[in-house]
Participant: 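Take a look at the following structure, please.
Here is how names work: the chains are called A, B, and so on, in the same order as the sequence lines, proteins then strands, and each is numbered from 1.
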Protein chains: 2
Amino acid sequence: MSHSEADGLAVRKRRATYARIAASAARLAGEQGVGNTTVDQIAQDAEVARATFFRYFDSKESAVAEGVAGPWLTLVTEAIARQPGHLPAKEALVAAFTELADQFPAHAGQIRELAGLTRGSPALAAWTARAYQRYEHAIAELLVPRIPDATERDPRPHLLAALAMASVRVSLDEWVRHEGDLPALIHRALGSISIEPV
Amino acid sequence: MSHSEADGLAVRKRRATYARIAASAARLAGEQGVGNTTVDQIAQDAEVARATFFRYFDSKESAVAEGVAGPWLTLVTEAIARQPGHLPAKEALVAAFTELADQFPAHAGQIRELAGLTRGSPALAAWTARAYQRYEHAIAELLVPRIPDATERDPRPHLLAALAMASVRVSLDEWVRHEGDLPALIHRALGSISIEPV
DNA sequence: CCACAATATGAGACTTAGTCCAGAATGAGA
DNA sequence: TCTCATTCTGGACTAAGTCTCATATTGTGG
């Protein structure tokens, strides 16, 4: 990860542009809907050329998905990475989400918004699913050293990561539909998972 | 589900058209790559008008994803549905995949092909992820009656379904990269995580 | 501080995806 | 067979996504 500040100007600038485009995409799509927002609008809002937009994102929907889900999912992965190294995988996951519980309210709006947007745009739903898979992969890497007796090419880190993301998806879905306490929902989902020895 | 044959001509025709388009999309994309295949080609090959194509699928990639992954994932869900009703969820999953082991070889080519195609097309990867989520949802429905003490809005059916699909994804990935016995890989993945009662 | 190599951006042309609509065709039911 | 509801078609239209080349910006060795 290493977001250290001494990373060279080019790299920092690149990251900033990436974030700026994603943010513009998320904001405009939230205000007008995905279908009514054009790439030109997003590019103009982020102060880049149209061609530059496509250097950073594969599609309009990709940018929106990253802009809405990205910040939140980044918090999750960072929280996992932050857990003390001696915690085994599942405990690290639980601890990370517990730690994030207070930050939920701040993101609740955006999360709800994404649900609304994906309802109206299958393309956005697809790219959101893809975004989730990317974070799932990142989480899997973080979990590898936390599986004590991990053999070579053990599937369990990836499966745990997949179930962590599934817990988020399922709980989010339930929360959007019937309200309730989102952190508690996620906690319950996570709690029902357990790793078996090989 | 109900694929009974007495469904009315219109319904059967519609299903046939859907399958024909998906198959054409999969074949052409496999031969030429997704990027070099146009919707016009697919529509022409499937003998429908361009406008009709978009009545059946949201995007070119959606059709390809369904055409390549669909038949195989349909086998999976049907195998699960076919298990005797008294089997609890996890056992039903294991039994279904065991039952499918002999059919793997027949689909191995297509599965490998999809992996190659998604490598070269992020858009296809996104729509494939979405397709997996759809099947995951279908599987979750099938598992609900197989969870003995399921409470209202219990997350476990969905989590189990997510485990099933994640097992497939992860094992597929491993198999594409390092060969091995795919059914055995899936079996191991399924066995390495369990969903506990609340 | 300067020059040069490497890489990021900008601009605009071009192909093709995806939407929309009015009219033809087709199946369900009387 | 006739009518109604739905689905398919063909074509026009907007915008997504690709490509190329010129220009600007950053990192690096002198």
Side-chain angles (χ1 to χ4, degrees), chain A residues 4-22 24-25 28-29 32-67 117-118 120-127 130, chain B residues 4-22 24-25 28-29 32-67 117-118 120-127 130:
Chain A
S4 30
E5 62 297 309
D7 247 325
L9 176 54
V11 188
R12 261 178 297 142
K13 226 173 162 179
R14 193 170 168 75
R15 266 204 283 270
T17 307
Y18 182 88
R20 211 170 56 246
I21 296 177
S24 293
L28 289 173
Q32 318 173 333
V34 226
N36 301 321
T37 306
T38 70
V39 171
D40 288 278
Q41 287 177 351
I42 300 174
Q44 190 166 354
D45 188 83
E47 295 178 298
V48 293
R50 177 193 171 68
T52 303
F53 173 93
F54 283 107
R55 281 201 187 84
Y56 282 85
F57 292 96
D58 292 312
S59 73
K60 181 176 70 171
E61 287 79 10
S62 168
V64 176
E66 188 60 33
L117 290 176
T118 52
S121 164
L124 180 58
W127 285 98
R130 181 62 178 160
Chain B
S4 28
E5 62 298 308
D7 248 326
L9 176 54
V11 189
R12 261 178 298 141
K13 220 172 168 182
R14 190 167 172 77
R15 265 204 282 270
T17 305
Y18 181 89
R20 211 170 56 246
I21 296 177
S24 294
L28 290 173
Q32 318 174 334
V34 227
N36 302 321
T37 307
T38 69
V39 171
D40 288 279
Q41 286 176 352
I42 300 173
Q44 189 166 354
D45 190 83
E47 296 179 297
V48 293
R50 175 192 173 67
T52 304
F53 173 93
F54 283 106
R55 277 174 199 294
Y56 282 85
F57 292 95
D58 292 313
S59 73
K60 181 176 69 171
E61 288 79 11
S62 168
V64 176
E66 188 59 34
L117 291 175
T118 53
S121 165
L124 179 58
W127 285 97
R130 181 61 178 159

Participant: Side chain of A:R14 only, heavy atoms from C-beta on: which candidate in C:dT9, C:dA17, C:dC20 is closest?
Facilitator: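 For A:R14, the side-chain atoms sit closest to C:dT9.
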
Participant: Nearest to the side chain of B:K60 - D:dC8, C:dA8, C:dA17?
Facilitator: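 Nearest listed nucleotide: C:dA17.
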
Participant: Round to the nearest Å and state the distance from A:W127 atom CH2 to D:dA16 atom P.
Facilitator: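 Taking CH2 of A:W127 and P of D:dA16, I get 14 Å after rounding.
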
Participant: Tell me, do A:V48 and A:R20 make a side-chain contact under 4.5 Å, heavy atoms counted?
Facilitator: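 When only atoms from C-beta onward are counted, A:R20 and A:V48 do touch, with a gap below 4.5 Å.
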
Participant: Which distance, rounded to the nearest 0.5 Å, do you find between the OG1 of B:T38 and the CZ of B:R50?
Facilitator: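 Atom-to-atom, B:T38:OG1 and B:R50:CZ are 8.0 Å apart.
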
Participant: With a non-hydrogen cut-off below 4.0 angstrom, is B:Y56 in contact with a base, only sugar-phosphate, or nothing?
Facilitator: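 Sugar-phosphate contact only.
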
Participant: If each of A:F57 and A:A10 is mapped to the nucleotide of DNA chain D with the nearest heavy atom, which maps nearer the 5' terminus, i.e. the 5' end?
Facilitator: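 Whichever sits nearer the 5' end wins; that is A:F57.
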
Participant: Hey, does A:S62 reach any base, or is it just sugar-phosphate, or nothing, if we go heavy atoms under 4.0 Å?
Facilitator: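 Answer is nothing: A:S62 stays at 4.0 Å or more from every strand.
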
Participant: Pick the nucleotide of DNA chain C nearest each of B:R55 and B:S59; which residue has the one closer to the 5' end?
Facilitator: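 Nearest-nucleotide comparison on DNA chain C picks B:S59.
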
Participant: Rounded to whole angstrom units, what separation is found between the CD atom of B:Q32 and the P atom of C:dT16?
Facilitator: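 Computing the B:Q32:CD to C:dT16:P distance gives 12 Å.
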
Participant: Looking only at side-chain N and O atoms, does B:T38 come under 4.0 Å of OP1 or OP2 in C:dT16?
Facilitator: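 For C:dT16, neither OP1 nor OP2 has a side-chain N or O of B:T38 closer than 4.0 Å.
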
Participant: Can you tell me if the side-chain N/O atoms of B:K13 get under 4.0 Å from OP1 or OP2 in C:dG27?
Facilitator: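 For C:dG27, OP1 or OP2 has a side-chain N or O of B:K13 closer than 4.0 Å.
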
Participant: Starting at CD1 of B:I21 and ending at C1' of D:dT7, how long is that distance when rounded to a whole Å?
Facilitator: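 In whole Å, D:dT7 C1' lies 12 Å from B:I21 CD1.
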
Participant: Which whole-number value in Å describes the distance from B:Q44 CD to D:dT9 P?
Facilitator: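 The answer, rounded to whole Å, is 12 Å.
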
Participant: Rounding to a whole Å, what distance do you find between A:D40:CG and C:dG10:C1'?
Facilitator: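 Atom-to-atom, A:D40 to C:dG10, this comes out as 14 Å.
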
Participant: Given the structure, check if the side chain of A:R50 and the base of D:dA16 hold any donor-acceptor pair shorter than 3.5 Å.
Facilitator: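 Yes.
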
Participant: Between A:W127 and A:D58, is there a side-chain heavy-atom distance shorter than 4.5 Å?
Facilitator: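 Yes, close enough: below the 4.5 Å cut-off.
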
Participant: Atom OH of A:Y18 to atom C1' of C:dT9: distance rounded to whole Å?
Facilitator: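 Rounded to the whole Å, the gap is 18 Å.
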
Participant: C:dA8 P sits how many Å from A:R12 CZ, rounded?
Facilitator: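 Interatomic distance, CZ of A:R12 to P of C:dA8: 16 Å.
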
Participant: Heavy atoms only, 4.0 Å cut-off, all strands: where does B:T37 land among base, sugar-phosphate and nothing?
Facilitator: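 Contact class for B:T37: sugar-phosphate only.
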
Participant: Quick one: sort the B:Y18 and B:Y56 rings into parallel, tilted or perpendicular, breaks at 30° and 60°.
Facilitator: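 Tilted.
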
Participant: For the side chain of B:F54, counting heavy atoms from C-beta on, which of C:dG27, C:dA17, D:dT18 is nearest?
Facilitator: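 Taking heavy atoms from C-beta onward, the closest nucleotide is C:dA17.
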
Participant: Donor-acceptor pair, A:K60 side chain versus A:T37 backbone, under 3.5 Å?
Facilitator: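 Checking the backbone N and O of A:T37 against the side chain of A:K60, a donor-acceptor pair under 3.5 Å is found.
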
Participant: If I take atom CG in residue A:D58 and atom C1' in nucleotide D:dT18, what distance separates them, rounded to the nearest angstrom?
Facilitator: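 Roughly 12 Å, once rounded to whole Å.
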
